[in-house]
Amino acid sequence: MLSHYERVGGEEKVRALVSRFYQLMDELPEAYGIRKLHAADLQGARDKLFKFLSGWMGGPQLYVEQYGHPMLRARHLPFSIGDAERDQWLLCMDQALDEVVKDEALREELHAAFAKVANHMRNQEA
């Protein structure tokens, strides 16, 4: 069985997904809340998300090799993440998935997986 990384199209498509995600975060007024949690220059965030997603999707463990275990929740604790931030993040990721991933079944699997992770990142009530 192929990994999500292989099914999505490997490095090129993961990079395209990350690029579109951050482009949307920059452009959509509805994403302002999460955009302001990031540095003005998004290149570092792009690089880290690409490396993380590569391994998370079953490809090369680039993030782990460079930074160690992702510890996603712990790494996000300094940021106030409630329902609004989760929803804004998912808005950008869902739209990026819809535009970049052509395989409908894979897109649905990734939508569900991202929603689960985004929900877990919340550290504020409502």
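Throughout, residue positions are numbered sequentially from 1 according to the sequence presented. Everything numeric here is computed off the predicted structure, so don't read it as measured data.
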**Student:** State, yes or no, whether a side-chain contact exists between Val14 and Met57 at a heavy-atom distance under 4.5 Å.
**Tutor:**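 Yes - at least one pair of side-chain heavy atoms lies under 4.5 Å apart.
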**Student:** I'd like to check Arg107 versus Asp98 (side-chain heavy atoms, cut-off strictly below 4.5 Å). Are they in contact?
**Tutor:**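 Side-chain contact under 4.5 Å: yes.
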**Student:** I'd like to check the side chain to side chain contact (heavy atoms under 4.5 Å, CB included) partners of Arg75; sequence neighbours left out, ordered by chain and number.
**Tutor:**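 Arg75 satisfies side chain to side chain contact (heavy atoms under 4.5 Å, CB included) with Tyr63, Tyr67, Met71 only.
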**Student:** Kindly indicate, with the supporting measurements, whether the criterion side-chain contact (heavy atoms from CB on, under 4.5 Å) is fulfilled by Asp83 and Arg122.
**Tutor:** CA-CA 7 Å; Asp83 290 349; Arg122 289 179 308 141; 2.9 Å; yes
**Student:** Could you tell me whether the side chain of Leu62 reaches within less than 4.5 Å of the side chain of Phe50, counting heavy atoms only?
**Tutor:**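 Touching, per the 4.5 Å side-chain cut-off.
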**Student:** Distance from Glu99 atom CD to Phe21 atom CZ, nearest 0.5 Å?
**Tutor:**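 The CD atom of Glu99 sits 13.0 Å away from the CZ atom of Phe21.
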**Student:** How long is the span from the CG atom in Leu110 to the CZ atom in Arg7, to the nearest 0.5 Å?
**Tutor:**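 Nearest 0.5 Å value for the CG-CZ distance: 7.5 Å.
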**Student:** Using the side-chain contact (heavy atoms from CB on, under 4.5 Å) definition, which of the options Glu108, Arg20, His111 pairs with Leu97?
**Tutor:**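 It is His111, the one option of Glu108, Arg20, His111 that forms the side-chain contact (heavy atoms from CB on, under 4.5 Å) with Leu97.
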**Student:** When you measure from the side chain of Gln124 to the backbone of Ser80, do you find a donor-acceptor pair of N or O atoms at a distance under 3.5 Å?
**Tutor:**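 No: the side chain of Gln124 does not pair with the backbone of Ser80.
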**Student:** Any chance you could measure Cys92, atom SG, to Glu27, atom CD, to the nearest 0.5 Å?
**Tutor:** 9.5 Å
**Student:** Please find the pair of heavy atoms, one from Gly58 and one from Ser3, that lie closest to each other, and give the distance.
**Tutor:** O-OG, 3.8 Å
**Student:** Quick one: does Leu42's side chain get under 4.5 Å of Asp26's, heavy atoms only?
**Tutor:** yes
**Student:** Would Arg46 count as a cation-pi partner of Tyr22, with NZ or CZ less than 6.0 Å from the six-membered ring centre and within 45° of the ring normal?
**Tutor:** no
**Student:** If we only count heavy atoms from C-beta on, is the Tyr5 to Glu11 side-chain gap below 4.5 Å?
**Tutor:** yes
**Student:** How long is the straight-line distance from OG of Ser19 back to NZ of Lys13, given to the nearest 0.5 Å?
**Tutor:**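 These two atoms lie 12.0 Å from each other.
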**Student:** Could you tell me whether the side chain of Phe79 reaches within less than 4.5 Å of the side chain of Ile34, counting heavy atoms only?
**Tutor:**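 They are not in contact (no side-chain heavy atoms under 4.5 Å apart), so the answer is no.
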**Student:** Decide yes or no for Val64 and His69: does some side-chain heavy atom of the first lie under 4.5 Å from some side-chain heavy atom of the second?
**Tutor:**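 Result no, sub-4.5 Å side-chain heavy-atom pair not found.
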**Student:** With a 6.0 Å cut-off on the ring centroids, do Trp89 and Phe114 count as close?
**Tutor:** yes
**Student:** Could you give the distance from CE (Met25) to CD (Gln95), rounded to the nearest 0.5 Å?
**Tutor:** 12.5 Å
**Student:** Is there a continuous path of hydrophobic side-chain contacts, each under 4.5 Å between heavy atoms, that joins Val100 to Leu24?
**Tutor:** no
**Student:** So Asn119 and Arg86, side chain to side chain donor-acceptor pair (under 3.5 Å) or not? Walk me through it.
**Tutor:** CA-CA 6 Å; Asn119 202 46; Arg86 176 204 56 202; 2.6 Å; yes
**Student:** Hydrophobic cluster membership, with links at side-chain heavy-atom distances under 4.5 Å among I/L/V/M/F/W/Y: are Leu28 and Ile81 in one?
**Tutor:**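 Cluster IDs for Leu28 and Ile81 differ.
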**Student:** Does Asp47 pair with Lys51 as a salt bridge, N-O distance under 4.0 Å?
**Tutor:** yes
**Student:** Kindly compute the distance separating CE (Met121) from CG (Leu72), expressed to the nearest 0.5 Å.
**Tutor:** 4.5 Å
**Student:** Do Leu91 and Val117 sit in the same hydrophobic cluster, where Ile, Leu, Val, Met, Phe, Trp and Tyr count as joined when their side-chain heavy atoms come under 4.5 Å apart?
**Tutor:**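 Different clusters.
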